[in-house]
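Just below is one structure, and these are the notes that go with it.
All chains are named by letter (A, B, ...) in the order of the sequence lines, taking the proteins before the strands, and each is independently numbered beginning at 1.
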Amino acid sequence: MPELPDVEAFREVLATCGQGRRIEGVEVRDESVLHGIGVRRFVRELEGRRLRAPRRHGKWLLGGTDGPTLAFHFGMTGELRCTRDAEPGTYDRVLIAVGGGRCLHYRDQRKLKGLWLLDEAGVRRLLAGLGPDAAAVDRADFDRLLLARRGGLKSALTEQSVLAGLGNLLADEILWRARLHPSRPAAGLGEAERRRLYGALRGVLRTSIDAGRVPPRGSWLTGRRDDPGAACPRCGTALRRGRIAGRGTYWCPRCQPAPA
DNA sequence: CTTTATGTTGCGGG
DNA sequence: ACCCGCAACATAAA
């Protein structure tokens, strides 16, 4: 599930539930979601810390404290919830009690990613490996990264070291809205096409962040991807499906003509 | 049984 | 150096 809009919603959860509060207890129910640290030290380092305003960069959520930073990555199936006296479910891997009966649940079925505990240098190293946040990048930087990129648009948009935050669904949605084929060379776009792409990026992210997810609406390409033989919501042409940059990719062959 | 899944990483090859 | 495809990670569903 998680792409940038989902992680932004988790940031909101962490802020509402935990910001300014002290961590009263930490229960690790599945050690394998912890990275680079064992249970004992993880618990010891966090208990008693006060949570600061959480930050998000791309798909990373950074839960700052008056000590180390708790970094979350949600992989494909992770989520963060704030509960009151709720019994943990099967996939609730880490529970963080923050007082007032509130408890944060890090839930993840597939455990492709997990939690890190980082010092300032660790946070710097993490951010240094990421491109600008897709929701914050300005037009000039966006142009620069496209022009510096060899290879196709789809991989440029989804490569986190180039631009942080977009996943497979959002990339397809943005390219469809901008009427650009996912295999078009990134550096080969004209000025007007880059403007269109940036506009689509802003529009899709705005709507998705407001919704707290990638909206599964019928007027969006995303609403059609599970529907074989589906038609383009704009022109009615049958959508094409293929494997581009290693991911299942959808596009409209009429709205998004293939590169020569 | 096989294929696919909105995540990333590491490896081999062009 | 850069980019691509592919396998791997863990788990469920079609």
Exercise. Nearest whole angstrom, please: distance from the P of dG7(B) to the CE of Met76(A).
Key: 6 Å

Quiz prompt | Sugar-phosphate, base or nothing in reach of Ser32(A), heavy atoms under 4.0 Å | solution = nothing

Practice problem: Could you measure between the two P atoms, the one in dT6(B) and the one in dC3(C), and give it in whole Å? | Solution: 23 Å

Quiz prompt | Arg177(A) charged N/C atom sitting above Trp220(A) aromatic ring, 6.0 Å / 45° | solution = yes

Quiz item: Trp116(A) has an atom CH2; how far is it from atom C1' of dG7(B), in whole Å?
Solution: 10 Å

Quiz item: To the nearest angstrom, how far is Arg241(A) atom CZ from dT4(B) atom P?
Solution: 7 Å

Quiz item: Tyr91(A) has a side chain; which of dT11(C), dC9(C), dT8(B) sits nearest to it?
Solution: dT11(C)

Quiz item: Just to confirm, is there a sub-4.0 Å distance from OP1 or OP2 of dC4(C) to any side-chain nitrogen or oxygen of Ser155(A)?
Solution: yes

Quiz item: When the distance from CZ of Arg243(A) to P of dT3(B) is rounded to whole Å, what number comes out?
Solution: 11 Å

Quiz prompt | Phe72(A) vs Leu14(A) side-chain heavy atoms within contact, under 4.5 Å | solution = yes

Practice problem: Please examine the side chains of Val28(A) and Phe42(A), heavy atoms only from C-beta on, and report whether any two atoms are closer than 4.5 Å. | Solution: yes

Quiz item: CD of Gln160(A) versus P of dG7(B): gap in Å, rounded?
Solution: 8 Å

Practice problem: May I have the distance from Lys113(A) (atom NZ) to dA8(C) (atom P), rounded to whole angstrom? | Solution: 17 Å

Exercise. Measure the distance from CZ on Phe72(A) to C1' on dG7(B) and round it to the nearest whole Å.
Key: 17 Å

Exercise. Examine the side chains of Asp133(A) and His57(A) and answer whether a donor and an acceptor come within less than 3.5 Å of each other.
Key: no

Quiz item: What integer distance in Å separates His73(A):NE2 from dC9(C):P?
Solution: 19 Å

Quiz item: Quick one: does Arg110(A) reach the base of dA5(B) with a side-chain donor-acceptor pair under 3.5 Å?
Solution: yes

Quiz item: When you compare dA7(C) with dT2(B), how far apart are their P atoms, in angstrom units rounded to a whole number?
Solution: 14 Å

Quiz item: Hey, are Thr249(A) and Lys154(A) close enough side-chain-wise for a donor-acceptor pair under 3.5 Å?
Solution: yes

Self-check item: Residue closer to the 5' end of DNA chain C, Gly152(A) versus Arg247(A) (nearest nucleotide)
Solution: Gly152(A)

Practice problem: Compare side-chain N and O positions of Arg150(A) against OP1 and OP2 of dG14(B) and report whether any pair is under 4.0 Å apart. | Solution: no

